Trainee: 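Take a look at this one; I'll ask things after.
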Amino acid sequence: MARSRTCKSDVSASSLRARARKGNAQCALGVLMASLLFEVALRPIVVDSSRLGVRTIRNYFEGLSCAHFEADGLGEVGSRVTGNLRLSGAPEGMIIGDSHVVAYSVRDEETMGSVVERLSRTAGRPLNVRQYGWHGANSPTFLAAAESLLRARNPSWVAVVLNSYNIGVNALVIRGGWRMEVAPDYSFRLIDGRPPAHGRWRQTLGPLVGNSTLFLGLGQRLGLFQTRLAQESYAKQMVSQKLESALDEQAARVPRASVLGLKRAFGGRLLVVYAPQVLGLAHYAVEPTETELQQLCAEEGVAFLSVRERLERDRNHYSRLSRGFHNTAPGVGHFNAIGHRIIGEEIWRHICDRPSPPIQGP
Amino acid sequence: MTFTSFSFIAFVGVVLAGLRLAPGRSVRQWLLLLASLWFYASWKPAYLLVLATPILVDYFCAIRIEQNADAAVRKCWLAIGVCSNLVLLAYFKYANFFFENISVLAGTVPRHLEIVLPLGISFFTFKSLSYTIDVYRGDLPTCRSLWRYAMFVCYFPDLIAGPIVRASVFFPQMKRPLRPSWRRTAAGCQIIALGLTKKLLIADQLAVFVDPVFTEAGTYSPLTVWSAVIAYSLQIYCDFSGYSDMAIGVSKIIGIDLPENFNMPYLAVSPLDFWRRWHITLSSWLRDYLYFSLPLRRNRPWDKYRNTAITFLLSGLWHGAGWTFVCWGALHGVALSGSHWWAARRLRLGRLPSQSMGVRLICWLSTYVFICVTWVLFRSQSLPAILTILRKMAGMAPGGIVWLYSPLLMVLPIVIAGHVVGSLAARRSVATAPGRWLLPTVLPSSFISDCGPWSQIEANRLSGVYVLLRPTLLGGFIAGSWVLAMLLFCAIGSTPFIYFQF
């Protein structure tokens with residue numbers, strides 16, 4: 001009797017274990033199916049493909065967009081396609097800057113470069129515009145890229161789109177990109193902090209990530225998460241005033257060193273475009289960085305242009321915000337189509353005032 | 001250490017591992033107490049003294065109340081217990097509000113005290129108060145162990161923002177082994193995941209839109225303001241009920257069932273119904289310890305309306321030291337008194353509540369709009385800001401920036417689907433419940449009922465009804481999709497829980 005009971009309990013325990021194993025296996029299969037579903041479902045919204053020299057990057061963080069880049073080895077991902085035909089023989093202009101200029105979140109024909117091209121062609125003075133940007137970049141990145149850009153493109157003018165982030169302390173402390181050290185006499189040294197192009201893990205995961213939209217989406221999210229963590233730690237550092245005083249002094253020299261460096265690199269072709277944050281109707285104050293940059297450009301004889309007034313006017317008169325997308329906070333994020341249009345128009349207004357676009361040798 | 005932080009996950013992991021490995025129940029209880037104190041101290045160690053005050057005072061007051069047969073002496077000890085809690089609350093929460101108003105009346109410069117509001121003070125003082133009052137009323141025997149009482153007051157899952165658990169519910173559960181079992185862990189983890197989804201996927205996404213619109217409502221179009229108000233109604237619900245779910249989930253793994261705090265409040269068809277579904281532990285606390293403590297004569301219906309109005313006025317004040325909260329509470333008080341009056345009138349006339357779909361729909365819609373309007377009072381920083389938003393909502397100030405926030409449109413179907421699943425599960429749990437389910441018992445009784453190939457309903461008399469996934473193909477598929485959706489679409493960087501400020 002006791003034996004049969006033991007036998008029965010053994011059987012029931014083993015059948016329970018078998019059922020649990022079966023349940024777990026089914027569960028794992030279900031998770032795998034969910035991953036496959038996401039892999040397929042994300043394809044229309046998260047794609048990073050490179051075909052016939054044109055790289056396509058879709059994003060869903062700000063709006064839902066599809067950006068194309070000519071993979072010419074310059075900039076972060078190449079020259080932003082403007083959606084207009086390239087005109088042979090037309091002078092070439094160049095716009096460089098940070099992620100606002102990369103402009104993942106607007107369509108090709110909405111980019112500031114595209115606006116300049118269309119306006120120039122309407123005015124009968126056609127231009128081709130190249131647009132190069134780098135995510136999270138500051139003035140050291142623009143300085144480091146200047147030589148190769150000029151050598152490859154020889155533009156007639158170069159508009160560098162700047163904001164307070166690009167010429168602040170970030171230029172000294174940023175990791176994973178170019179940074180600078182500024183001496184008291186405003187001479188500077190550029191330091192290459194970019195990660196190696198093909199690390200071991202990238203080599204291993206590269207083909208898998210490159211072909212999987214799910215991995216790509218998760219990778220993009222991880223990037224956003226890392227950025228957020230970095231921003232938080234930086235903000236904490238600022239709040240607790242742990243920044244060394246030496247670094248503070250050096251940070252104060254960054255704007256002048258940047259202007260001097262850009263002037264040296266691009267010469268008379270340089271146009272500094274200042275694009276401030278414009279949030280809400282209550283914000284009218286001119287950012288101190290803008291005033292400082294304007295003064296520095298006047299002192300150094302560099303063409304300067306601020307789009308603040310136009311952005312504010314557009315917001316106040318037409319209730320339109322130049323930043324942000326339907327899935328971001330109002331007015332927060334990168335420049336949207338309205339912002340790009342305004343910046344493009346302002347750049348053109350400045351360029352067309354010149355007698356003729358000067359074409360200079362490299 | 002918020003519930004959505006990695007440090008909290010690590011903390012809970014360590015506590016659960018400790019509970020699993022600890023040899024006896026008393027060791028586990030000590031471990032829980034130490035963990036709770038450490039949890040509170042991680043925010044501000046000095047404020048452990050604030051937490052200790054109601055523990056010590058109410059513990060000794062309750063013993064004195066039980067020891068004395070003289071009614072006057074008992075009342076005196078009760079008054080000491082109640083006043084000590086109220087003084088603590090008044091100093092930390094209302095001192096600046098009081099001085100500001102006095103200075104406005106006197107026309108002097110406002111005096112501002114540098115007081116940091118202790119985290120969860122409104123919750124742990126209410127917990128402690130309920131114990132003393134229960135002992136005074138003879139509803140509860142005194143707790144003779146100080147550390148057990150301390151564990152009740154500072155039990156970490158519900159310490160910061162509830163649910164406000166009563167001693168009569170908590171103490172019997174301390175006799176349980178308090179050792180995490182696999183079944184409870186599986187259920188608890190899913191409830192935590194549900195809470196995280198509500199917080200990170202819905203509330204934090206909507207906060208991105210709500211905050212700027214409420215800050216500068218005058219610059220936005222009426223449509224945008226309306227959508228922000230609707231977004232806020234979902235944000236506050238998902239934020240607070242998400243927190244409650246996480247607290248219930250963590251506590252479930254530990255082995256203690258916390259009371260249900262929300263029961264699909266936006267399905268309410270009257271303000272009265274809303275308060276039966278929203279922050280249930282607070283509204284039942286206010287009913288039992290405030291409403292019924294006020295004079296209430298049977299043949300005087302106005303007593304009922306007055307008590308309701310006073311209770312909700314104080315409920316508004318409990319939420320925050322500001323006139324916006326007082327107005328919010330007053331509005332709810334008036335609406336509830338109106339509801340009571342209307343129900344009494346219909347009863348007098350012999351009319352039963354209408355069951356017609358159309359009438360219910362109108363009732364639901366008007367209740368939801370009313371709740372949304374009251375949320376404007378709750379969320380706004382000042383009375384002029386409230387007026388600006390209400391003017392926009394009424395269409396009296398047209399024009400402004402149009403911003404249609406697409407995540408709101410994506411969140412709405414999720415919330416609706418959640419409510420449909422919740423309603424079906426609640427109906428099913430009532431239909432299939434064993435007989436004891438309906439009996440009023442002190443100890444929570446629970447049962448699990450199958451609900452198709454992928455899910456099961458875990459219904460608990462105390463914690464409410466949850467639909468949990470089963471380890472099957474479909475269950476795994478849904479769980480996998482859920483996790484991936486969270487990873488791909490949840491807000492980056494969490495905002496603080498709204499109810500932490502109370």
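Quick note on labels: first sequence line is chain A, next is B, and so on, each numbered from 1. No experiment lies behind these values; they were computed from the predicted model shown.
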Trainee: Which heavy atom of A:Arg323 sits nearest to which heavy atom of B:Trp403, and what is that distance?
Mentor: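 Looks like O-CH2, 3.5 Å.
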Trainee: Go through the atoms of A:Leu37 and report whether side chain, backbone, both or neither lie under 4.5 Å from a heavy atom of chain B.
Mentor: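 For A:Leu37, side-chain heavy atoms alone lie under 4.5 Å from chain B.
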Trainee: So how far is it from A:Ser319 OG to B:Tyr220 OH, rounded to the nearest 0.5 Å?
Mentor: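 Going from the OG atom of A:Ser319 to the OH atom of B:Tyr220 covers 10.5 Å.
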Trainee: So which heavy atom on B:Gly480 is nearest to which on A:Ala34, and how close?
Mentor: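 Shortest heavy-atom separation between B:Gly480 and A:Ala34 comes out as C-CB, 3.8 Å.
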Trainee: Specify the closest pair of heavy atoms between B:Leu488 and A:Leu42, including all atoms of both residues, with the distance to one decimal.
Mentor: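 In this case the closest contact between B:Leu488 and A:Leu42 is CD1-CD1, 3.6 Å.
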Trainee: Using heavy-atom distances under 4.5 Å, tell me whether B:Ala207 contacts chain A through its side chain, its backbone, both, or neither.
Mentor: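 Contact with chain A involves no heavy atom of B:Ala207 at all.
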Trainee: Can you tell which part of A:Tyr318 gets under 4.5 Å to a heavy atom of chain B, answering side chain, backbone, both or neither?
Mentor: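 Nothing of A:Tyr318, per the 4.5 Å heavy-atom cut-off to chain B.
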Trainee: Determine the minimum heavy-atom distance between B:Val213 and A:Pro330, stating which atoms define it.
Mentor: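 Looks like CG2-CG, 4.2 Å.
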Trainee: Measure the spacing between OG1 of B:Thr219 and CZ of A:Arg315 and express it to the nearest 0.5 Å.
Mentor: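 It is 9.0 Å, given to the nearest 0.5 Å.
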Trainee: Closest approach of B:Gly476 and A:Val31, non-hydrogen atoms and distance?
Mentor: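 Taking B:Gly476 first and A:Val31 second, the nearest heavy atoms are O-CG2, 3.5 Å.
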Trainee: With a 6.0 Å cut-off (strictly less than), is the heavy-atom count around CZ of A:Arg320, excluding the residue itself, greater than 12?
Mentor: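 Correct, the count exceeds 12.
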Trainee: Which bit of A:Leu32 comes within less than 4.5 Å of chain B, counting heavy atoms only: side chain, backbone, both or neither?
Mentor: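 Nothing of A:Leu32, per the 4.5 Å heavy-atom cut-off to chain B.
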Trainee: Considering non-hydrogen atoms only, spot the tightest contact between B:Leu484 and A:Ser35 and give its length.
Mentor: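 Residues B:Leu484 and A:Ser35, closest heavy atoms: CD1-CA, 3.7 Å.
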Trainee: Using the rule given for side chain to side chain contact (heavy atoms under 4.5 Å, CB included), can you reason through A:Asn327 versus B:Gln205, listing the C-alpha separation, both sets of side-chain angles and the distance that settles it, and then say yes or no?
Mentor: CA-CA 9 Å; A:Asn327 53 355; B:Gln205 285 275 15; over 6 Å; no
Trainee: Sub-3.5 Å donor-acceptor pair from the side chain of A:Arg221 to the main-chain atoms of B:Leu487, do we have one?
Mentor: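 Confirmed, A:Arg221 side chain pairs with B:Leu487 backbone.
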